[in-house]
Amino acid sequence: MIEIELDGKKVEVTEGSMVMHAAEKAGTYIPHFCYHKKLSIAANCRMCLVDVEKAPKPMPACATPVTQGMIVRTKSDKAIKAQQSVMEFLLINHPLDCPICDQGGECQLQDLAVGYGGSSSRYEEEKRVVFHKDVGPLISMEEMSRCIHCTRCVRFGQEVAGVMELGMSHRGEHSEIETFLGDSVDSELSGNMIDICPVGALTSKPFRYSARTWELSRRKSVSPHDSTGANLIVQVKNNRVMRVVPLENEDVNECWIADRDRFSYEALNGTERLTQPMLKQGGQWQQVDWQTALEYVANGLKQIKTDHGAQSIGTLVSPHSTLEELQLAAMLTRELGSDNIDYRLRNAEFSAFEGVRWLGTSIASLTQVQRALVVGSNLRKEHPLFAQRIRQAVRKGAALSVITSSSLMADRGAWAIDVAQASIVEADQWVEALAAVAAAIGQTNGATAPLAPKNAPDATAQAIAASLLSGERKAILLGNAAAHHAQASSLLALANWIGAQTGATVGYLTEAGNTVGAQLVGAFPQNGGLDAGRMLAASSGLKAVLLLNTEPVFDSAAGAAAADVIGNAQMVVTLSPFKANLEFSDVLLPIAPFTETPGTFVNAEGRLQGFHAVVKPQGETRPAWKVLRVLANLLGLPGFAFESTAEVLATVGDKGTVPANALSNATSAKAVAASGAVAAPVVASIYQLDSIVRRAPSLQLTADARNSAQAAPARAEEALA
């Protein structure tokens, strides 16, 4: 540790730290623009000039290393005058458009200009003009004359997103930030550039000119999309979600969120929202009141149970639903006498769980791994925030190995991470490829692998094995495609054996915001009921189907065939925030999305995160937990006297917590080689993952959405016509 004197106070910092780091530790604010704690140091803006004793001129705090006994003054006349001079230069060409700037009220330049700017400008020449640029549907670069060339956005692309999409061209007053060749900004983390821009050069295109920051209320929430469980600040005006930004949580999402977390809110205010219960009568949809709709459903379920038995009733639920909603859906199904409930709509194998499948380690630890093996994943698109953590680990020297298919990883650069070893084989060869790695490890350790490969381990398998046998902190991560694989249990058995031999943790990246929670409440067959695969098979024989927050045509492995199977049922009830499943549903019940209901999500690491509603439900929309409770009461089912989500949560696990012994990736299944062809696992593309992102207009205009092979759902207006 090195001790310096900062504004008369003694501060101890580690060797190699900068003066800025010492100031942060001491709680002293030094004005700055280009410095950001998550990015490399550029020292572009010079706003952080400080007075260092014995230095001939003011020094930039962000780029001046501390030395033993250094004396630094941040508030001396020398420092203040230097900072004021820099501010004068920064404002020379800055346009005077604060009244119409979206950044007004939360602008770093605006704030510092009050403290360090002059009351008038000595600059009389013409100001420079930078022409606007179109970089896609998410980021607006309409007013690049505001840019102060801090290069935060450039460094973010290089260092965090892994793709240098923006760069600086020309020199001096002709310098511009641009994409070059007219390209768009297509990173799945691109929206974070808006947050870190200290001026109004980069703004949100969907939010542009829709509200002023001081008009917005700010409320905490949690993302329902992928399994990171990103913490959010939802900004609200007139009971309408206007903008979503990250809430900093170092253990979960740091200070970043993915674009689908940021921009999916557009769907919540869209024309596809279902705001009134609807019944299909004579082939036509009619709006009805809640009492009529729920009595219709309750009477229908009673009649079908009487005529065909409880086993003719099935429930398909989305792992994007809250813990409370999943718990009540499971309770209702089982109290009806059926065990036909499942959240695993995209799975091809439905083996019994021995524990709750999870990440196998903490999310924060991914940044510190030294060796990692990812199996069956398009890591960058499926889990953008996990990918950026592993990207940081690789930048610090970690070695990443991959076993996946060409459809999930077109080339080694597809993930924007340096991949040390890659075995790119089709899905039906993943077990063989992982068995080869296990065999190579067995040769070194003198152990017998659980499955002998057909061929001797090749050079790639040997290299992956050698990588996992070296280093200290290691992780084997099974992706969405590995979880949905027809031989998922074999992949897990091999991964567990490799983990035991190499000291690596083993876990699933897990697909949705509440995949772990769905397992925790038992939202899958436990006593011989039909799993999702059998419920969506032509031979299922289901007469009544409840669909909670899901669209099987887009959310299941059955795809378009699901419509024909479910359409054969006597009654199909859809509980959704949107006009969904219109072609085969008989009843539509409008339930609240995550912004309009309290609830809980459990992320990949088993972290239980509760949240409150941030706006009132639209129209006649009701929280799904209340709808399920009232429906159970109409059916005369016991045990549904809940008055709040807290009471429902108390019935889960150990008083609403994740039991310490519940999380386990253990399996008794043996690793078995494929016998015959194995169908490619079904994996949703980045902006088709759930019903909310599918209906977010700006996300559907991105390059990732356009390149998706999966068709978007038909417009509700067309289906209703």
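Numbering of residues begins at 1 and proceeds along the displayed sequence.
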Inset, instruction - Sequence neighbours left out, what pairs pass ring pair (Phe, Tyr, Trp, His ring centres under 6.0 Å) with at least one residue falling in residues 170-218? - result: none
Would you tabulate the side-chain donor-acceptor contacts of residues 45-58 under 3.5 Å, counting partners in other chains and residues two or more places apart, or write 'none'?
unit_1	atom_1	unit_2	atom_2	d
Arg46	NH1	Ala43	O	3.0
Asp51	OD2	Ser76	OG	3.2
Glu53	OE1	Arg73	NH2	2.9

Inset, instruction - Could you tell me whether Arg146 and Glu143 have a side-chain N and a carboxylate O separated by less than 4.0 Å? - result: yes
Legend entry - Short side-chain donor-acceptor distance under 3.5 Å, Arg218 and Thr213: yes
Inset, instruction - Please examine the side chains of Lys396 and Thr367, heavy atoms only from C-beta on, and report whether any two atoms are closer than 4.5 Å. - result: yes
Legend entry - Residues His383, Trp415; criterion ring-ring contact (aromatic ring centres under 6.0 Å, His included); working and verdict: CA-CA 11 Å; His383 303 281; Trp415 288 3; over 10 Å; no
Inset, instruction - Using only heavy-atom distances, determine whether the side chains of Asp690 and His225 contain a donor-acceptor pair under 3.5 Å. - result: yes
Legend entry - Polar side chain donor-acceptor pair, Glu159 to Ser40, under 3.5 angstrom: yes
Legend entry - Exercise: do Ser264 and Arg260 side chains pair donor with acceptor under 3.5 Å: no
Legend entry - Polar side chain donor-acceptor pair, Asn44 to Arg152, under 3.5 angstrom: no
Legend entry - Between Gln235 and Tyr265: side-chain donor-acceptor atoms closer than 3.5 Å: no
Legend entry - Heavy-atom check, side chain of Ile233 versus side chain of Pro246, under 4.5 Å: no
Inset, instruction - Taking the side chain as every heavy atom from C-beta outward, state whether Val66 and Ile4 have any atom pair closer than 4.5 Å. - result: yes
Inset, instruction - Verify whether one side chain among Thr510 and Ser227 offers a donor that lies under 3.5 Å from an acceptor in the other. - result: yes
Legend entry - Donor-acceptor side-chain pairing of Gln609 and Asn231 below 3.5 angstrom: yes
Inset, instruction - Can you tell me which residue pairs pass the salt bridge (charged side-chain N to carboxylate O under 4.0 Å, His left out) test with a partner in residues 161-189, sequence neighbours excluded? - result: Lys133-Glu176, Glu188-Arg380, Glu188-Lys381
Legend entry - Distance-only polar pair, side chains of Glu266 and Ser698, donor-acceptor under 3.5 Å: yes
Inset, instruction - Using the six-membered ring wherever Trp is involved, compare the ring planes of Phe594 and Phe611 and label them parallel, tilted or perpendicular (cut-offs 30° and 60°). - result: perpendicular
Inset, instruction - Evaluate the side-chain proximity of Phe33 to Val199: yes if any heavy-atom separation is below 4.5 Å, no if none is. - result: no
Legend entry - No-hydrogen, no-angle side-chain donor-acceptor test under 3.5 Å, Ser223 and Asp261: yes
Legend entry - Residue from Leu608, Thr322, Thr645 passing side-chain contact (heavy atoms from CB on, under 4.5 Å) with Thr600: Leu608
Legend entry - Test item: Met18 and Cys62 side chains (from C-beta on) under 4.5 Å apart, heavy atoms: no
Legend entry - Polar contact flag, side-chain donor to acceptor under 3.5 angstrom, Ser470-Arg371: yes
Legend entry - Lys/Arg-Asp/Glu bridge criterion (N-O < 4.0 Å) met for Lys616, Glu596: no
Inset, instruction - Indicate whether the side chain of Thr228 and that of Asn253 have a donor and an acceptor atom separated by less than 3.5 Å. - result: no
Inset, instruction - Using atom types as modelled and distance alone, determine if a side-chain donor or acceptor of Ser145 lies under 3.5 Å from a backbone N or O of Val130. - result: yes
